[in-house]
Amino acid sequence: MGSPTHHTSGRLYGVFFEDINHGADGGLNANMVNNYSFDGVYLDHHTWRMAGAERWRTQADSLRFWDFINCSAAGLGSEIRGIHGQRVTTDCPAPPIHAHSRYARITSDVPSETGPAYLENLGYNGGGDNGGEPAFSIVADHTYSVSLAVRPVHGRAELSVGVVDRYGLPLTSITRLSYIVDSDPLDDTEETGLRQDDGADAQDSGVSISPDSSDGAIVIGRDGWYRFNADVTGLNTDYGKLRITIDAGERTTFDLDLVQFMDADYWGAGDPKWRYGKLRRDLVETIQALHPAFLRFPGGCIVEGVTPGNEYRWKDTVGSLAARRQQYSMWSFKMPDGSSYSQSYQIGFYEYFCLCEDLKAKPLPTLFAGIACQSPGRDPRHMDINSATFRNNVIQDYLDLIEFANGDPESSSWAAVRRDMGHPEPFGLDMIGVGNENFGADYVAKFDMISEAIHERYPDMLCVMSAGLFPFQPAMKRSWDHARALAATDSGAHDSATGDAIIIDEHSYHSPEWFAYQASRFDAYPRCGAGVYFGEYSANGYFAGQPQTEQGANTWKSALGEAAFLTGCERNSDVVRMTSYAPLLAHIPAKGWAQNLIELNPAHVNPTVNYEVERLFSTHLGDTTYAVSIEQTASRPAKHLYVSATGHDGDDACRYIKIVNTSDSPVDVTLEIARGLAGLGASPSRPVRLEVTTLSASPTAKTTIGYRGEASGAIVPERRAYTLPSPSSLLAMKIKPYSVTLVASR
C-alpha cells in the first residue's frame with residue numbers, strides 16, 4: 001500500500017430501486033392488501049403480435065385479487081384506463097373519493113342459505129402456481145394497523161375485519177364497524193341524504209356509523225365517505241388472508257376503498273412525514289445496513305415504459321393515496337401469471353425522497369426522456385422533439401420535479417404539494433437522471449434539450465446521461481464522445497460533490513469472469529470532467545448468453561466476480577463516481593429476474609452472498625484512495641488477485657485493504673502497508689492493530705429462501721486480529737481460494 005492518489009468519491013456505493021420482482025408492492029410497501037384501492041391496471045400481453053401497440057395493452061380490472069362470497073361487487077368510478085392507457089370517462093352512481101380513483105360497491109342479500117357474506121384478499125403471493133396461497137404475514141402478539149374507507153349506501157350492517165388462516169380460523173383479533181342508513185333505497189333523495197358538508201356530524205346525513213371517535217370512523221370530504229382506523233393483534237404466527245365479514249339482517253349495500261393492513265411497526269411509524277405510503281421496516285433496515293450514499297429511483301426500464309403511455313410519470317405518484325393514478329408494470333410479462341402486476345404507487349416520489357432523507361442518501365431520480373424502452377423486442381417509439389407534448393410532458397416534468405424537491409412552498413405550487421404532504425423543508429436534490437438505457441442521435445439531442453432547460457434555471461444540477469444498454473465501447477461511443485465534448489467546453493460549473501460536469505450511466509449484466517477482467521476497465525478512462533456512474537450491474541451471465549436459472553443465480557462465483565470489479569472501481573474512484581447493483585429486491589416467488597441483491601418472502605429477508613460482498617465494500621470505504629500493487633514471482637503467481645486500498649485520517653483514522661482471490665488455490669502474500677500509515681500517527685515504535693475479515697465459500701454456494709421460512713446457507717465471516725510491533729512490520733497471510741478479504745488497520 002503506497003501513497004495517496006486521489007480523493008475517493010463520496011457517492012461510490014449506492015442502491016438502485018426499481019419496482020421489479022414485486023419489489024414495491026409485495027415488497028417495500030408495508031400494505032399487504034393486493035389491489036387495495038380497486039384501481040388495478042394490468043398488462044394485457046400478446047407476444048404473438050408484432051406491433052408493439054398491440055402487444056402491450058392496458059387492462060383495467062377493479063376487482064382483481066378480491067373474492068366475494070355470498071355477496072356481489074361492482075367496480076365503479078368516473079374514469080377508467082382504455083386499452084392504450086388513455087383515460088375513459090365512465091358513468092358513476094356516486095362520486096369516488098378522488099376524481100381519478102375507483103371503488104367497489106358491495107351488496108349482500110341476507111339471509112343466505114350458503115353461509116355468511118364476506119370478501120377476502122390473499123395479498124401478494126407472487127401468482128402462478130402460488131396464486132392460491134395466503135400472503136398476509138402474521139406474528140403472534142404483534143400489532144397490525146387496519147384502515148379502510150367506507151360509504152354506507154343502504155341498509156344496516158356490521159363489518160368485521162381481521163385475518164384468517166387458509167382454513168378460515170382467526171389469525172388476528174377482529175375490529176368492527178357498524179352502520180345504519182335511514183333512507184329508503186328507492187327514494188330518489190337517498191344519494192343527497194348521504195352527502196355531507198366538511199366536518200358534518202354523521203347523524204345529520206341520515207347515516208349512523210359506529211365507532212365515531214377520532215380514532216375510529218371520521219368523515220372524508222363531502223360525498224358520504226368515512227375513514228375507519230383500528231388496530232388488531234396477532235393470535236398465531238402464520239400466513240393468512242384478509243377477511244371482511246358482512247353481518248346484516250337485511251339487504252345492504254356499501255362502497256369500499258383504500259383498504260390497508262400492515263404491521264403497525266412500519267418504517268417511520270409515528271413520524272408525521274410518513275402519513276401516506278408506508279414501508280416495510282425489515283427491508284428498509286437491510287438496505288440501511290449497506291450505508292448507501294445515494295438512492296436511484298424509480299428505475300430502470302419502468303422509467304421509459306414499454307410502449308407510449310406506459311412511461312413512469314412522477315406526478316401520478318404524489319398527493320393523497322386516492323389521487324395517485326396507477327399504471328401496469330412493464331415487468332408483468334416476466335411474472336409467473338404473465339400479467340397481474342399493477343404499480344399502485346403507494347410508494348411514490350414523495351416516499352422515495354423521504355426514504356433518501358432517512359437513509360442519509362442523496363436522491364437520484366431518473367425521468368422519462370421521450371423515448372420508450374429501446375431494449376430488443378419492446379416498442380421503442382420516439383416522441384417528436386419539436387412537439388408541444390415533449391416540451392410540456394417531458395421537459396416540464398424535470399423542472400417541476402426539481403421544484404417539488406427543492407422549491408419554496410410560498411412561491412412554488414409543486415413545492416406546496418411537498419409541504420402539504422408533510423415535508424415543508426427541501427429535500428436537497430442535486431442530481432437527476434435523464435432517461436434510462438436510451439441511446440442514439442435522437443437521445444443525445446433530447447438530453448441536450450432537457451439538460452439545457454434544467455441548467456438555465458438550476459445551473460448546479462448534475463445531469464446523468466445514459467450510455468445505452470450494452471457495456472461495450474462501440475455501443476457507448478456516441479454518448480461518451482458527446483459527454484466528453486460537453487465537459488471540455490463546460491464553463492466551469494461542476495458538481496460540488498463529484499467535481500464533474502456530467503455523469504455517464506453505464507450498465508452491464510455479464511459473466512463473473514467478465515467482471516473480474518473488467519477490474520482494469522477504468523484505468524485508462526480520461527479524467528476530463530465526465531465521470532462514470534455504473535448504474536446497473538450484476539454478474540448473472542446475461543450478456544454472455546448464460547441460462548438465467550434459480551440454481552445459477554446469486555452464487556458465490558458471481559459475488560467474487562463483482563468483488564474483483566469493485567476493487568477496480570475503488571482504485572479509479574476519481575472517475576468512477578457512483579455504482580449500484582441491480583435489481584435490488586425480489587419477492588419469492590414473484591421473480592421475473594433471477595439474480596437480485598436482496599430476496600424476501602412475506603415474513604423474512606434474505607441478504608444474498610452478493611449483498612454480503614456489497615456490504616463489506618460499502619461499509620469500509622475511506623475518503624482517500626491509495627496506490628496499491630501486487631508484486632508476484634514465478635513461485636508466487638497472483639494473476640487472480642485483485643486489490644484496492646482506501647482510508648481516512650482524523651480521530652477514527654483507518655486504512656482498508658480489500659483482496660479478492662477468484663482462483664481455486666490459496667495464495668501466500670506478504671502485506672506491506674507502512675507507507676500508507678502516516679495519517680494514523682504511526683511512529684517507528686507504535687504498534688499497529690490489524691483486523692482481518694474473510695468471506696469464502698465454494699463457487700456454487702448461495703443463500704436460499706422459500707415462500708415460507710427463513711433464509712439458509714449464509715456465509716459466516718471469519719475474523720482475526722493481529723498486532724504488528726511497528727508500522728514497518730510485514731504480515732504474512734494466506735489468502736484463501738474463492739475469497740474476499742478485508743484488512744482494516746487502525
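Both backbone and side-chain heavy atoms feed into the values below; hydrogens, waters and symmetry mates do not.
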Side chain to side chain contact (heavy atoms under 4.5 Å, CB included) between Y144 and I138, worked out: CA-CA 9 Å; Y144 297 88; I138 303 300; 4.1 Å; yes
Non-hydrogen side-chain atoms of F261 and V163 separated by less than 4.5 Å: yes
Atom pair NZ (K241) and CG (L171), whose distance is rounded to the nearest 0.5 Å: 10.5 Å
Short side-chain donor-acceptor distance under 3.5 Å, T253 and T107: yes
Candidates Y350, W414, Y345, F368 - the one meeting ring pair (Phe, Tyr, Trp, His ring centres under 6.0 Å) with W314: W414
Evaluation steps, side chain to side chain contact (heavy atoms under 4.5 Å, CB included), between S147 and F228: CA-CA 6 Å; S147 181; F228 176 67; over 6 Å; no
Short side-chain donor-acceptor distance under 3.5 Å, W274 and D358: yes
Heavy atoms of other groups near R281 CZ, more than 12 under 6.0 Å: yes
Residue pair Y341, H22: steps toward the ring-ring contact (aromatic ring centres under 6.0 Å, His included) verdict: CA-CA 8 Å; Y341 196 171; H22 274 297; 4.1 Å; yes
Ring geometry between F333 and H45 (parallel below 30°, tilted from 30 to 60°, perpendicular above 60°): tilted
Contact check, side chains of V161 and L242, non-hydrogen atoms, under 4.5 Å: yes
Under 3.5 Å side-chain donor-acceptor pair for S344 and D25: yes
Separation between CG of L585 and CD1 of I598, rounded to the nearest 0.5 Å: 5.5 Å
Y42 versus D61, closest heavy-atom pair with distance: CE1-O, 3.7 Å
Electrostatic pair R151:D223 at N-O distance under 4.0 angstrom: no
Neighbour count above 12 (heavy atom, 6.0 Å) for D91 CG: no
Proximity of Y239 and Y707 rings by center, below 6.0 Å: yes
Straight-line distance of F404 CZ to H423 NE2, nearest 0.5 Å: 10.0 Å
Over all atoms of both residues, closest heavy-atom pair of W225 and D255: CH2-CB, 3.5 Å
Test side-chain hydrogen bond (donor to acceptor under 3.5 Å, both in side chains) applied to S340 and R64, step by step: CA-CA 9 Å; S340 297; R64 190 173 294 190; 3.3 Å; yes
Lys/Arg-Asp/Glu bridge criterion (N-O < 4.0 Å) met for R419, E425: no
Flag for T252-Y179: side-chain donor and acceptor within less than 3.5 Å: yes
Side-chain (N310) to main-chain (Y328) donor-acceptor, under 3.5 angstrom: yes
For the student: nearest non-hydrogen atoms of L63 and A73, plus distance: CD1-O, 3.7 Å
Exercise: identify the closest heavy-atom pair between A322 and L258: CB-CD1, 4.1 Å
D257 and R105 ion-paired at < 4.0 Å: no
Ion pair E403/R418, N-O distance below 4.0 Å: no
Ring geometry between F353 and F297 (parallel below 30°, tilted from 30 to 60°, perpendicular above 60°): perpendicular
Expected output: side-chain N70 to main-chain G115 donor-acceptor under 3.5 Å: yes
S101 side chain reached by S37 side chain, heavy atoms, under 4.5 Å: no
Separation between CD1 of I347 and CG of L355, rounded to the nearest 0.5 Å: 8.5 Å
D316 side chain to R324 backbone, donor-acceptor under 3.5 Å: no
Donor-acceptor under 3.5 Å (T90 side chain, I80 main chain): no
Donor-acceptor contact present, side-chain N121 to main-chain N34, <3.5 Å: yes
Residues E351, K278: salt bridge by 4.0 Å N-O rule: no
Donor-acceptor under 3.5 Å (R102 side chain, E79 main chain): yes
Student check: side-chain heavy atoms of Y36 and F65 closer than 4.5 Å: no
Residue pair W331 / E18, side-chain donor-acceptor N/O under 3.5 Å: yes
Donor-acceptor under 3.5 Å (N31 side chain, V33 main chain): yes
Derivation of the side-chain hydrogen bond (donor to acceptor under 3.5 Å, both in side chains) call for S332 and S339: CA-CA 5 Å; S332 297; S339 65; over 6 Å; no
Sidechain-backbone polar pair: S329 side chain, S342 backbone, donor-acceptor under 3.5 Å: no
Side chain to side chain contact (heavy atoms under 4.5 Å, CB included) between I302 and I20, intermediate numbers included: CA-CA 9 Å; I302 63 170; I20 183 174; over 6 Å; no
Nearest non-hydrogen partners of T237 and A140, listed with the distance: OG1-N, 3.1 Å
Side chain to side chain contact (heavy atoms under 4.5 Å, CB included) between N596 and K591, worked out: CA-CA 9 Å; N596 308 275; K591 292 174 67 173; 3.5 Å; yes
Interatomic spacing from OG in S62 to CG in D39 - rounded to 0.5 Å: 7.0 Å
Check ion pair D400-K315 (N to O, under 4.0 angstrom): yes
Spacing of CG belonging to L122 relative to CZ belonging to R166, to within rounding of 0.5 Å: 10.0 Å
Contact summary for P152 and G224, nearest pair of heavy atoms: CD-O, 4.1 Å
Donor-acceptor under 3.5 Å (W56 side chain, H84 main chain): no
Test item: L359 and V284 side chains (from C-beta on) under 4.5 Å apart, heavy atoms: yes
Carboxylate-amine/guanidinium proximity below 4.0 Å for R55 and D44: no
Exam field: side chain S160 to backbone I174, donor-acceptor pair closer than 3.5 Å: no
Donor + acceptor pair across side chains of H142, D265 (<3.5 Å): no
Mutual orientation of the aromatic rings belonging to F17 and Y352 [parallel < 30°, tilted 30-60°, perpendicular > 60°]: tilted
